[in-house]
Structure formats: C-alpha cells, structure tokens
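Note that the numbering runs from 1 along the sequence shown for the chain. Keep in mind that this is a model prediction, so the values were computed, not measured. Atoms within each ligand, like the ligands themselves, are counted from 1 in listed order.
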Amino acid sequence: MQSIAKNLKREGKSLGLVPTMGFLHEGHISLVRGSKAANDVTIVSIFVNPAQFAPNEDFNRYPRDLERDKKILENENVDYIFAPEAADIYPPGFSTYITVEELSNVIEGEIRPIHFKGVTTIVNILFNATLADNAYFGQKDAQQATILAKMAADQCAPIKVHIEPIVRETDGLALSSRNIYLSSEERSEAVLISQSLKIAKEFIEIGKYDCAVIIKAMQKHLSGAKTGLPDYIKIVNAKTFHSIDKIEQGGEYFILVAFKFGKTRLIDNLYIDYREEIPVMQ
Ligand code: PAF
C-alpha cells in the first residue's frame, strides 16, 4: 500500500483515506463521496481491528462481508481498497501503541478502557501505510473523531482529519454496522434515541440550557423503550469530553447518548456550536 501511495504522490496526486471496519452502509458511502469530491485518489481501508475490542466485546460476531463491500466500492469508483490481514498489521513482536491521553479515558473510554488505544494505533498505521493527505470520519463516533483529530495535530501528522455529519435512516436512527444485530422490536424502539436528541435540540432552540433539565427530558423519552436501557446520556464540552452543567455561549458541546439493547450498544449524538450568538446544531 505504501509503495503504491508513494508512486501516486510522485505523480502529484492527492490521496483521501476512508478508514472502515467494513460491512459498509450509506454513512461510509457519504465519507467515500466526500473523499472523491476533494481528492484525486480515494483509498478505503477495511479492517476489523482486534486491538480495539475487549475480550467481552463483539469482535467475533462483528459483521463481515468483503465481497459485498467490494461491489459497493466498485460502484462508487473507489480507486483502492486496502484490506490487510491482522497478521500483517500486528505481526509477532508488535509492541508500539499510540494513546491520546485523557480524552481516551473519559465517557466511552471509561466503559471501554482499551478501545481508543486500539483505534489510535490502527489509524496511525493506516495514515502511515496510505500516506493520505485527507482522512474522513463520521460524527456518529464523536469521541473517536475528536481523538483522531487530536492525535493528528499532536503528532504533526501531514494529514487533515475531516469529520462528516451523521447519516440517518428515514426514521432518524443513526446508521451503524451494528444496527444489523437489532431484533424487529428493538429496531422499532431504537428510533427513541434520535428522538431524544431532537427533544434536546428543541429545548436549546427555546433557550433552555440547563443540562439536568435537558437530560431529564431525554431520560423520560428513552424510558418508553421496553427492550433496552440507556447506558448514559451526557452533555460534554466538545474539546475535553468533560460533562458540563450548562450550555453557555462561547463553547462547543456534544449531547451524547449510548443505549443498550441486550449486548448491542448503539451511540448517537448532537453537536452544538454556540460560539456565535445563536447555537447551531447538527
Ligand atoms: O470507526 C471505525 O469503523 C473504526 O473505529 C476505525 C476508525 C475504522 C478504526 O478501526
């Protein structure tokens, strides 16, 4: 991959990278389209990264279908698919890990202690293997995207990290490869997650900025689910991921929801940019 990338660079081509774990959906496709619009060459990596799953997590059952993914990417005219084997990425004796301190230990990092270390380690390898100029990640994994942007900045990596809006089903459910795990009853209740964020958005639009009040209304809505339970609802500073009490002008925030249907955990969020007079949300 790296020698192909070097040749492309010698020809003066700009390279865009879309890192994925495969089982592609419209969320990934929108990242691919973003990359294709801005780069001469688009590389999509497909690698279910063992280092970011704890032993009790879903590494073994994570959905995989390389042939299906290849067809989707061919239809999108993607230039290269980089789909290494775990043994190529982590040969015997592999011992260098990348960690973004602090940000990796809060919220999702508290629940999944090795997760972000695995993510930053693989993404750094992918950056080095592809020599990409631009990399594209989804806002759905807001903490991951923030950590990866921080890693690139702290390491002076010659790559720009782009964070693209969440792509949703028509009823509002954020697209995720894990949605496939949901039973039909869970799937119909999963819509409550994005609805709870919509309620939060409406509160903010009418000037209700107290986090306890917003969270209580979201909790009430989510308690309508019979097949699942919220893991957390948090309102955090978008740079530190520390919880806040009040949404105030001058800041950027995320409202984060993690919701559990049995062993399936779904996450979703609302980004609030309140640096100007009026909060802008997406
Ligand atoms: O978001 C994902 O699919 C993965 O965490 C990533 C960024 C491809 C790293 O394995």
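- Salt bridge status for Glu164 with Arg33: absent, with no side-chain N to carboxylate O gap under 4.0 Å.
- Side chains of Glu189 and Thr227: a donor on one and an acceptor on the other come within 3.5 Å.
- Aromatic ring orientation, Phe259 versus Phe261: tilted (interplanar angle from 30° to 60°).
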Can you list every pair where an N/O of ligand 1 is under 3.5 Å from an N/O on the protein?
{"residue": "ligand 1", "atom": "1 (O)", "partner": "Gln144", "partner atom": "NE2", "Å": "2.8"}
{"residue": "ligand 1", "atom": "5 (O)", "partner": "Gln52", "partner atom": "NE2", "Å": "2.9"}
{"residue": "ligand 1", "atom": "5 (O)", "partner": "Gln144", "partner atom": "OE1", "Å": "2.7"}
{"residue": "ligand 1", "atom": "10 (O)", "partner": "Gln52", "partner atom": "OE1", "Å": "2.7"}

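- The side-chain contact (heavy atoms from CB on, under 4.5 Å) test applied to Ser188 returns no partner, not counting sequence neighbours.
- Among residues two or more places apart in sequence or in another chain, the side-chain contact (heavy atoms from CB on, under 4.5 Å) test is passed with Glu110 by none.
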Output side-chain donor-acceptor pairs under 3.5 Å for residues 271-282, partner residues at least two apart or in another chain, one line each.
{"residue": "Tyr271", "atom": "OH", "partner": "Glu252", "partner atom": "OE1", "Å": "2.5"}
{"residue": "Asp273", "atom": "OD1", "partner": "Arg275", "partner atom": "N", "Å": "3.2"}
{"residue": "Asp273", "atom": "OD1", "partner": "Arg275", "partner atom": "NE", "Å": "2.9"}
{"residue": "Asp273", "atom": "OD2", "partner": "Arg275", "partner atom": "NH2", "Å": "2.8"}
{"residue": "Tyr274", "atom": "OH", "partner": "Tyr209", "partner atom": "OH", "Å": "3.3"}
{"residue": "Gln282", "atom": "NE2", "partner": "Gln139", "partner atom": "OE1", "Å": "3.2"}

